[in-house]
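Structure first, commentary second.
Residue numbers begin at 1 in each chain, while the letters A, B, ... track the order of the sequences.
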Amino acid sequence: MSALDTLADRMFPDVTHTPEEYEALYPARQLKEGARVTRIAPSPTGYLHLGVLYAATINYLTAKSTGGVFYFRLEDTDSKREVDGGAEDILAGLSHYGLTPDEGYGGPGKETGNYGPHRQSDRAEIYHTYVKDLVRKGLAYPCFCTAEQLNAVREEQESRKERTGYYGAAAVCRRLSPEEALQKIEAGLHYVVRLRSPGDESRRVKFDDMVKGTIEMPENDQDLVLLKTDGIPTYHFAHAIDDHLMRTTHVIRGDEWISSVPIHLQLFQVLGFKPPKYAHISPIMKEENGNKRKLSKRKDPEAAVRYFTEEGYPIQSVMEYLLTIASSGFEDWRKCNPAADRFSFPFNLKKMSVSGALFDLDKLNDVSKNVVSAMDADAVTRYILEWAAQYNQEFHAKLAADPVFAQGIFSIDRGGSKPRKDIGKWSDAPDYAAYFYQRPDPTGLEYPESLHAADIKEILSSYPPVYDPSQDRQQWFDAIKALCPALGFCPEVKEYKKNPDGYKGHAGDVSTVLRIAVTGRRNTPDLCSIMRLLGKEEILARLQAAASVL
RNA sequence: GGCCCGAUGGUCAAGAGGCUAAGACACCGCCCUUUCACGGCGGUAACACGGGUUCGAUUCCCGUUCGGGUCACCA
């Protein structure tokens, strides 16, 4: 038995399996040619972030469009930063947006697929098996340097303006013999396990990134940490092991990882794995003081996907917006295929934008108004009810008290070839519907300045007798026109414009006065429909209240 | 600072060695119209800078500037 074997056994006495066994346990997937296996592998350090949803969308689309597999892996190797319920929130959020993984970690005790476990904290044995093998082969070694020592080395390197890190002369533990290392372990010293990097900084690695193109960088020569003191792997090592064993074909992740690719490639090489294809996507940015920066969980409310749910953006809207950012062709495709399932969009990683897009709320709102305008009243009412139950109970109580009336509100001017686009998110609804539930304050009404109070009062008092709820839109307006001559108003707007001085105003002004008295607003959807919904009694009461204060 | 990546209107973006440099959002104007919204029409607004290569660069090359990322026992 060699000294390295002894060392390896001493370091990992509990490892009973071999890498070969795991290779056999997780065989290559039997998928059709071209099928891509992708994944979303968030770490539960907070709630679902827009960036994660975005990356998940792209991974999902990539897998689905090729008949592949999209799975979920939980990267919970940093217990210090873990947030309670984070994993569940992320999982629930993804499903909510239609990105349900085909396999993976599904919550406490829930695992699907043949390539698990997918929670890294459940994979310690696997990682240890591979590290042990590396130690035995002399490709990894224990390092006993303390944080203080490491800091001292770094400062030294900085003062000499050298590249910092654990490499070359700084890599003291690399030069320990297996016997010396064993001795330190026996002495009870804590250690991490480092890779014995075969890299050379003067050589260059080249790789093809599916979105950024060909990239060339110096080779990695850092003896990076594989296993932390607590025996838990670092991201880099876990990435290599997991994505290999889970047979990921395409690693699609944020471009903050791009500078680590030389490390990852080296890891795959040392472990004897075939590396996956990489696609590094640009993050969604935010503008601040004229500069771009990544959307920040702390500073930007819209970074949390929860924000969109709370604001009441339909899931379709958020997804469509994400897709327009992800692929410039999406909007055109959507225009040609208005009803198509968004996931049937022929997505292509190579057409993704290379630089990060600024998050544009205006654009989201526009996308969302289009989405909402295509829904029927039934759906809109249902969604608003659902949203309000959660985020605006007072409003919910009003709607729920009379669902038919509520649906009536959202039916006005809906449907047809030119639907209204007033509502972009459900939180717009309370204000949109306010006057249906509350009489305007008669003393606060603002009428057009061109009209005299006396004329307004006359309009208000002469209208009630001609109002009949059974009138259709045309009859309703004809009745208003018929009232005009006696009031000194011109029934026809066009005619009025030819001779403005001959009248006090026109039929439109008359209806505006009624509109204001009934709704308290100058701008509303079709007044005739509003009146019919409100009911004659209510209308008369509102008109009278308005007239009484003049 | 080292190493990577990037740069087309305010934003998102097509584009290609020669075009009047698309389109969408936002903004402005006009039309339609009982208000608003919708819709239609039109408008303001861009190839970061300096060198090359070329008959001709916004497009290719180099440099500069600016922006972004990364340099952990975090992911």
Side-chain angles (χ1 to χ4, degrees), chain A residues 41-45 75-78 80-81 120 143 145-147 150-151 154 158 161-166 190-194 201 209 212-213 215-218 222 224-236 238-239 253-262 280 282-283 285 287 290-294 321 324-325 327-329 331-332 335 351 353-367 369 373 413 416-423 448 473 476-477 480-481 491-493 506-516 519 521-528:
Chain A
S43 99
T45 55
E75 311 227 322
D76 60 342
T77 57
D78 185 5
K80 287 187 287 292
R81 297 201 310 155
Q120 292 182 331
C143 168
C145 294
T146 62
L150 258 18
N151 280 337
R154 159 161 298 107
E158 275 168 2
K161 297 210 193 302
E162 285 172 4
R163 196 157 52 87
T164 59
Y166 208 79
H190 291 292
Y191 61 89
V192 299
V193 182
R194 288 183 185 272
E201 218 253 343
D209 185 277
K212 309 268 182 189
I215 295 174
E216 209 184 300
M217 272 185 263
Q222 304 262 344
L224 53 108
V225 173
L226 265 22
L227 243 37
K228 299 182 258 185
T229 309
D230 55 10
I232 292 173
T234 55
Y235 171 86
H236 306 298
H239 155 54
R253 62 220 319 183
D255 68 2
E256 68 269 21
W257 289 110
I258 220 161
S259 53
S260 316
V261 173
H280 289 93
S282 311
M285 314 287 280
E287 180 168 345
N291 286 144
K292 278 173 147 189
R293 60 168 171 73
K294 262 170 81 173
Y321 175 61
T324 65
I325 293 183
S327 181
S328 60
E331 276 187 285
D332 286 338
K335 210 181 234 169
K351 284 194 183 156
S353 171
V354 184
S355 46
L358 242 27
F359 180 80
D360 187 350
L361 197 61
D362 279 331
K363 184 72 180 179
L364 200 219
N365 284 133
D366 179 68
V367 168
K369 283 182 177 180
S373 76
D413 288 350
S417 59
K418 293 181 182 178
R420 298 188 72 82
K421 294 184 180 173
D422 297 297
I423 297 177
R473 210 161 151 164
W476 174 85
F477 195 58
I480 288 174
K481 282 183 179 176
E492 302 300 334
V493 181
H506 55 76
D509 292 324
V510 175
S511 74
T512 293
V513 167
L514 296 174
R515 182 188 314 280
I516 290 170
T519 68
R521 300 184 184 185
R522 291 185 74 144
N523 308 327
T524 73
D526 179 45
L527 224 208
C528 172

Table of protein N/O atoms under 3.5 Å from nucleotides 39-48 of chain B N/O atoms:
unit_1	atom_1	unit_2	atom_2	d
B:G39	OP1	A:K421	NZ	2.9

Any N/O pairs under 3.5 Å between the protein and nucleotides 32-34 of chain B? List them or say none.
unit_1	atom_1	unit_2	atom_2	d
B:U34	O2'	A:S511	OG	3.4
B:U34	O2	A:S511	OG	3.0
B:U34	O2	A:R515	NH2	3.2

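In the set B:C74, B:A13, B:C5, B:A13 carries the atom at the smallest distance from any side-chain atom of A:S353. You'll find that the side chain of A:E75 is closest to B:A75, out of B:C73, B:C25, B:A75. Considering only the side chain of A:M285, B:G68 comes nearest among B:G69, B:C73, B:G68. Closest contact between the side chain of A:D78 and the listed nucleotides B:C74, B:A24, B:G69 involves B:C74.
Here A:S373 lies out of heavy-atom contact (under 4.0 Å) with every strand. Nucleic acid contact class of A:T77 (heavy atoms, under 4.0 Å, all strands): sugar-phosphate only.
Contact annotation: side chain of A:R420 to base of B:C36, donor-acceptor pair present below 3.5 Å. Between the base of B:C71 and the side chain of A:S259 there is no donor-acceptor pair shorter than 3.5 Å.
Side-chain N/O atoms of A:S355 include none lying less than 4.0 angstrom from OP1 or OP2 on B:G67.
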- Message: For Watson-Crick and G-U wobble pairs within 3.5 Å on both distances, what is RNA chain B written in dot-bracket notation, | included for inter-strand pairing?
- Response: (((((((..(((.....[....))).(((((.......)))))....(((((..]....))))))))))))....
